[in-house]
Amino acid sequence: MRRSSTLVDVFLLLALFSGAPWAVKGSPHCSKRANTGEIRPHSVTITEFGAVGDGVTLNTKAFQNAIFYLNSFTDKGGAKLFVPAGRWLTGSFHLISHLTLWLDKDAEILGSTNSDDWPVVEPLPSYGRGRELIGGRHQSLIYGRNLTDVIITGDNGTIDGQGSIWWNWFHNKTLNYTRPHLVELMNSTGIVISNLTFLNSPFWTIHPVYCSHVTVQNVTIIAPPKSPNTDGIDPDSSDNVCIEDCYISTGDDLIAIKSGWDEYGISYGRPSRNIIIRRIAGKTETSAGIAIGSEMSGGVSEVHAENLHFFNSKTGIRIKTSPGRGGYVKNIFVSNVTLDGIDIAIRFTSHYGEHPDEFYDPNALPIIEQITFKDFVGKNIKTAGLLEGLEGDTFLDICLSNITLNVTSKSPWKCSSIQGYSDLVSPETCEPLKERISPEHYLDCYYLSDHIWISSNQNKGVQFLSW
Ligand SMILES: *[C@@H]1O[C@H](CO)[C@@H](O)[C@H](O)[C@H]1NC(C)=O
Ligand SMILES: *[C@@H]1O[C@H](CO)[C@@H](O)[C@H](O)[C@H]1NC(C)=O
Ligand SMILES: *[C@@H]1O[C@H](CO)[C@@H](O)[C@H](O)[C@H]1NC(C)=O
Ligand SMILES: *[C@@H]1O[C@H](CO)[C@@H](O)[C@H](O)[C@H]1NC(C)=O
Ligand SMILES: *[C@@H]1O[C@H](CO)[C@@H](O)[C@H](O)[C@H]1NC(C)=O
Ligand SMILES: *[C@@H]1O[C@H](CO)[C@@H](O)[C@H](O)[C@H]1NC(C)=O
Ligand SMILES: *[C@@H]1O[C@H](CO)[C@@H](O)[C@H](O)[C@H]1NC(C)=O
Ligand SMILES: *[C@@H]1O[C@H](CO)[C@@H](O)[C@H](O)[C@H]1NC(C)=O
Ligand SMILES: *[C@@H]1O[C@H](CO)[C@@H](O)[C@H](O)[C@H]1NC(C)=O
Ligand SMILES: *[C@@H]1O[C@H](CO)[C@@H](O)[C@H](O)[C@H]1NC(C)=O
């Protein structure tokens with residue numbers, strides 16, 4: 001065992017076997033509030049502000065005016081903006097605190113296809129520049145900053161970014177700034193995004209950055225298989241995030257946990273931690289079901305993912321990093337994963353590349369440790385594991401337990417610069433992981449199996465269970 005035992009470890013070990021009250025197991029839902037629809041004392045409908053749902057009229061002003069009006073209710077319990085059935089074309093608009101944006105059945109918010117309707121904003125400090133181009137970036141269609149208690153929900157209404165024009169601008173290299181997200185919340189707390197469908201984001205679909213207490217529940221996210229960079233949900237330098245009961249099919253990673261880019265992410269220093277992901281199904285022909293990185297310079301830890309089903313995809317679970325990233329990925333526990341039709345079930349990529357500029361420090365090596373994969377079954381898998389650590393920076397305490405994959409490759413595991421343990425793995429695992437998981441490895445391997453430290457949040461409107 002590599003970790004030296006500390007008082008905390010002893011306490012954890014006791015808790016593990018005694019069922020301490022703060023270690024309640026397997027709670028089924030992120031948020032205990034039963035109905036996010038009934039909590040606001042005031043409500044207005046977007047048509048009261050002149051919106052026209054014909055799919056042609058630009059309604060940016062109507063959304064802005066409605067939200068400006070609702071600002072006077074933020075200290076009176078908040079308000080709901082109701083979007084009825086119709087096709088509501090709009091440019092980017094800002095949310096406010098204590099707001100519910102509610103999309104009724106057959107309501108569709110459509111992103112404008114004119115890039116001028118998506119103003120350019122500052123780059124994120126943890127990225128130092130736009131992710132794809134130097135300089136600023138287009139603001140997301142639905143944007144929030146410095147907010148508390150925001151709910152984006154409805155009766156399976158749709159938010160459609162109409163991203164194909166952005167994908168064309170990307171392919172023909174006529175973008176001037178980094179493409180926008182469909183929804184971005186920055187430096188905010190108490191966020192619920194639920195019961196909706198998100199289509200055709202120009203870039204990453206849902207992007208909470210520098211946020212706390214974020215729930216994404218029961219959403220469908222779709223973009224075409226080859227649409228560029230259309231990640232599903234990207235918690236970025238955010239903590240206490242719960243993502244559950246979602247179907248995601250996009251052109252890039254379905255869920256990607258991030259925390260900033262190279263020297264900018266290192267100096268901003270805000271990790272992503274306490275992240276629960278469960279009951280997610282989906283496919284991605286190009287990328288991974290769950291990815292961590294490649295931007296992970298602020299660190300990623302305490303991630304518990306379970307009950308996942310990925311099919312017809314390139315990769316199941318992937319950790320991506322590079323020299324220059326710095327940071328860490330540790331205490332990751334992924335269990336009960338069903339895979340079908342996957343090229344690489346588990347992948348570590350240690351030379352992902354892609355740097356913001358030439359000023360990154362090539363000696364800033366990431367620390368990757370205590371990563372457990374348990375109870376995986378897979379069929380139609382090409383390669384079980386392609387696990388590349390970094391020379392001189394071995395990835396430590398990688399644990400594989402009860403993994404059964406029906407693979408076609410004759411060398412199903414390829415491993416380098418990693419160290420760890422395994423149990424009940426078929427096909428037989430690679431040499432560096434052959435040592436059995438014995439009781440003295442339990443803390444390294446099962447640290448997070450029953451323990452998730454999502455704290456409670458007392459914001460009015462949204463309450464979270466503490467696990
Ligand atoms: C989703 O919709 C269902 C059915 O209307 C409702 O019971 C549930 O509270 C909603 N969940 C959230 C988080 O909005
Ligand atoms: C958010 O807070 C920052 C720091 O106080 C401030 O500079 C910025 O203008 C605020 N933005 C909004 C949209 O409130
Ligand atoms: C974040 O939001 C809080 C509260 O709205 C504000 O005080 C703070 O300055 C903001 N920080 C940044 C970096 O935007
Ligand atoms: C999921 O959302 C749909 C509407 O989008 C709703 O009918 C259903 O009840 C929700 N399910 C849960 C578990 O909240
Ligand atoms: C919501 O709508 C999407 C797209 O139309 C559909 O695929 C999904 O099954 C619907 N979800 C529910 C819970 O009705
Ligand atoms: C690039 O794509 C856009 C959007 O489809 C199109 O309007 C534009 O004419 C194209 N430009 C070039 C140089 O191909
Ligand atoms: C990029 O800038 C040029 C020159 O201002 C403009 O004509 C073009 O429409 C812009 N492209 C996009 C995708 O906004
Ligand atoms: C494993 O996950 C699947 C969904 O992919 C779920 O149906 C099943 O109940 C889970 N099994 C356990 C033991 O939780
Ligand atoms: C191994 O994992 C499978 C699939 O999740 C599960 O059904 C089975 O009970 C597990 N076996 C053991 C010994 O834990
Ligand atoms: C594994 O694959 C082989 C060859 O394709 C097939 O015969 C066998 O039934 C598969 N086993 C399972 C458990 O899917």
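Just so you know, ligand 1 is whichever comes first in the structure, and atom 1 is the first atom listed for that ligand. In what follows, residues are counted from 1 in the order of the sequence shown.
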Q: Using a strict cut-off of less than 4.0 Å between a Lys/Arg side-chain nitrogen and an Asp/Glu carboxylate oxygen, indicate whether K330 and E369 qualify as a salt bridge.
A: no
Q: Indicate whether any N or O donor in one side chain lies under 3.5 Å from an N or O acceptor in the other, for D252 and T230.
A: no
Q.
Which protein residues come within less than 4.0 angstrom of ligand 5, counting heavy atoms only?
A. N156, T197
Q: List in chain and number order the residues that pass salt bridge (charged side-chain N to carboxylate O under 4.0 Å, His left out) with K414, two or more places apart in sequence or in another chain; answer none if no residue qualifies.
A: none
Q. For residues H304 and E306, is any side-chain donor paired with an opposing acceptor at under 3.5 Å?
A. yes
Q | Residue pairs passing the salt bridge (charged side-chain N to carboxylate O under 4.0 Å, His left out) test where at least one lies in residues 221-232, sequence neighbours excluded | A | K226-E285
Q: Answer yes or no: is there an ion pair linking R436 with D423, defined by an N-O contact shorter than 4.0 Å?
A: yes
Q. For ligand 9, is any non-hydrogen atom under 4.0 Å from V377's backbone (N, CA, C, O), its side chain (CB onward), both, or neither?
A. side chain
Q: Show which atoms of ligand 9 fall inside a sub-4.0 Å distance from at least one heavy-atom site of N336.
A: 5 (O)
Q) Which of the atoms in ligand 9, numbered in the order shown and given with their element, are less than 4.0 Å from a heavy-atom of N402? A) 1 (C), 2 (O), 3 (C), 8 (C), 10 (C), 11 (N), 12 (C), 14 (O)
Q) Taking only residues two or more places apart in sequence or in another chain, which ones pass ring-ring contact (aromatic ring centres under 6.0 Å, His included) with F170? A) none
